[in-house]
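Throughout, protein chains are lettered first and strands after them, A, B, ... in sequence-line order, and every chain is numbered starting at 1. Remember, it's a predicted structure, so these values are computed and weren't measured experimentally.
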2 protein chains.
Amino acid sequence: MQSNLPHLQSIFTADCVIFGFNEGELKVLLIERNEYPFKDWWGLPGFFVEHNETIDDAVKRILLEHTGLKGIYMEQLYTFGDLKRHPQGRIITVAYYAMLRLEAVNANLKPSTNYVRNAQWHPLNNLPDLAFDHRNIIEKSIEKIRRKVSHSPIAFELLPEKFTLTQLQQLYEAIWDKKLDKRNFRKKMLKYNVLKELDEKQKGVSYRAAKLYKFDKRKYNKIFKNELNFS
Amino acid sequence: MQSNLPHLQSIFTADCVIFGFNEGELKVLLIERNEYPFKDWWGLPGFFVEHNETIDDAVKRILLEHTGLKGIYMEQLYTFGDLKRHPQGRIITVAYYAMLRLEAVNANLKPSTNYVRNAQWHPLNNLPDLAFDHRNIIEKSIEKIRRKVSHSPIAFELLPEKFTLTQLQQLYEAIWDKKLDKRNFRKKMLKYNVLKELDEKQKGVSYRAAKLYKFDKRKYNKIFKNELNFS
DNA sequence: ATATAAGGTGTATTTCTTACACTATTGCTA
DNA sequence: TAGCAATAGTGTAAGAAATACACCTTATAT
């Protein structure tokens with residue numbers, strides 16, 4: 001099958017776009033770079049992929065080293081390869097994204113590599129200047145989650161385990177950047193039959209406490225295997 | 001911004017998954033390889049990306065050199081990076097896909113590189129053994145076009161410029177691998193308002209000739225900019 | 001006790017989806 | 001040239017889903 005061909009290895013990076021939701025805002029996880037190029041700039045967690053690790057493994061390792069986050073399931077988004085995107089030469093990057101319950105991990109963001117000084121959530125609509133083409137990558141990610149969320153209720157991953165319907169609605173309003181009707185939203189959500197109503201209520205609010213709900217993953221998997229609705 | 005960092009270049013390949021539709025079947029364009037590795041095997045058009053070309057440009061060049069096809073708009077599908085996918089080492093590949101009017105290009109498939117001996121359409125449900133992980137790439141592509149076609153009527157690209165509603169229905173049936181109701185299908189399609197009815201009929205058939213339609217791209221762009229339908 | 005702030009609920013209208021079967025037209029051939 | 005073969009083309013009724021819309025309830029703070 002092969003003659004004496006040279007041995008080759010792909011050199012490339014992988015970047016992580018991690019979305020969280022808090023205080024009615026979508027946020028993205030950025031790191032402060034401690035190494036050239038773009039030393040002292042903010043950017044996405046991202047680094048070179050090793051020769052002996054899959055891309056899926058690499059993004060997990062990189063996210064852990066850069067932010068301390070572990071066990072996050074990321075999906076591949078797109079591969080960026082503009083000629084000028086990286087100052088060291090044409091280096092392509094494979095971007096992955098994930099959405100997660102922000103409040104669960106808010107406190108303990110701890111980089112474990114010298115390449116990174118600091119990891120922090122930033123509101124999506126108030127980002128600092130970013131290294132490389134990272135702003136572009138984030139913009140493509142937000143388009144992707146908009147499309148994704150419109151075909152399946154994956155948005156639950158951005159909420160705490162127990163949440164109120166109002167929180168859920170605010171999340172959709174943040175992703176869509178538009179207001180939704182409260183009654184219709186609730187009707188629709190409850191009809192999907194993937195919410196489990198709990199016997200608990202919100203605490204610590206100075207007004208009528210709302211019922212708490214959980215996302216029922218078993219039912220979700222049954223219903224949304226086929227997420228299709230055109231003809 | 002940078003100190004004295006080494007100059008680097010990504011080494012990687014790009015592959016093309018080109019779908020066509022003919023005689024009621026979905027087909028994919030394969031090439032017969034004339035070089036190691038996988039000499040004499042069938043595989044996707046694909047090759048190394050040059051250091052000074054974008055990935056988007058590279059797939060166009062590669063498709064042209066391998067098959068003679070020109071001016072095809074391809075979209076990025078996914079980047080494959082399994083450790084064992086390429087016998088020369090861990091070389092990742094960025095896969096692109098396109099759908100196109102098969103009958104317009106059927107005759108003149110002419111490779112212009114010695115790496116390729118031959119280019120040919122193969123029915124999707126009767127593929128030969130394929131080089132590398134190309135079967136896997138094709139499977140991921142077909143899932144993608146199923147999802148895509150269910151959110152926007154992009155399937156028109158697989159039909160000749162003028163087509164009958166029955167041809168359109170057969171195309172959807174091939175993509176979905178299931179039968180659809182004729183009356184409901186027509187009602188739905190016409191309601192989208194992206195078909196232009198022509199003053200022409202099918203020719204050369206030995207039964208009642210069907211009306212021909214065209215895809216109205218202007219209307220399409222207006223309607224499907226936001227292809228979203230959840231809340 | 002009252003104000004404040006959000007929680008929680010129903011109905012009528014319109015639109016979309018689905019299931020379902022017969023007549024019309026054309027070319028071919030006996 | 002009659003009739004057969006093959007596909008084109010059409011409508012309706014029932015159920016499901018989407019939308020628009022406003023008021024009372026409950027908990028807390030003062």
Identify the two heavy atoms, one from B:Gln167 and one from B:Leu159, that lie closest to each other, and give their separation to 0.1 Å.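 Here B:Gln167 and B:Leu159 meet closest at O-CD2, 4.1 Å.
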
Which nucleotide wins on minimum distance to the side chain of [X], given the candidates [options]?
X: B:Lys182; options: C:dA6, D:dT10, C:dT9; answer: D:dT10
X: A:Arg208; options: D:dA8, C:dG7, D:dC21; answer: C:dG7
X: B:Lys187; options: D:dT12, D:dA8, C:dG8; answer: D:dT12
X: B:Asn184; options: C:dC20, D:dA27, D:dG9; answer: C:dC20

Scan A:Phe21, A:Tyr213, A:Phe215 and name whichever one has a ring-ring contact (aromatic ring centres under 6.0 Å, His included) with A:Phe156. A:Phe215

Determine whether a donor-acceptor pair (one donor, one acceptor, N or O, separation below 3.5 Å) exists between the side chain of A:Lys211 and the base of C:dG7. no

Return whichever of B:Tyr207 or A:Thr166 has its heavy-atom-nearest nucleotide of DNA chain C closer to the 5' end.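 First, find each residue's nearest nucleotide; the 5'-ward one identifies A:Thr166.
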
Taking the six-membered ring where the residue is Trp, are the ring centres of B:Phe38 and B:Phe132 under 6.0 Å apart?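 Close enough - the centres of the two rings lie under 6.0 Å apart.
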
Quick one: does any side-chain atom of A:His134 pair with a main-chain N or O of A:Leu44 as donor and acceptor, under 3.5 Å?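 Such a contact is found between A:His134 side chain and A:Leu44 backbone.
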
B:Arg183 vs B:Thr164, nearer the 5' end of DNA chain D by closest nucleotide: B:Thr164

With sugar-phosphate meaning primed atoms plus P, OP1 and OP2, does A:Lys191 contact a base, only sugar-phosphate, or nothing at under 4.0 Å between heavy atoms?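 Answer is sugar-phosphate: A:Lys191 comes under 4.0 Å of backbone atoms only.
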
What integer distance in Å separates A:Met189:CE from C:dG8:C1'?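 Roughly 17 Å, once rounded to whole Å.
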
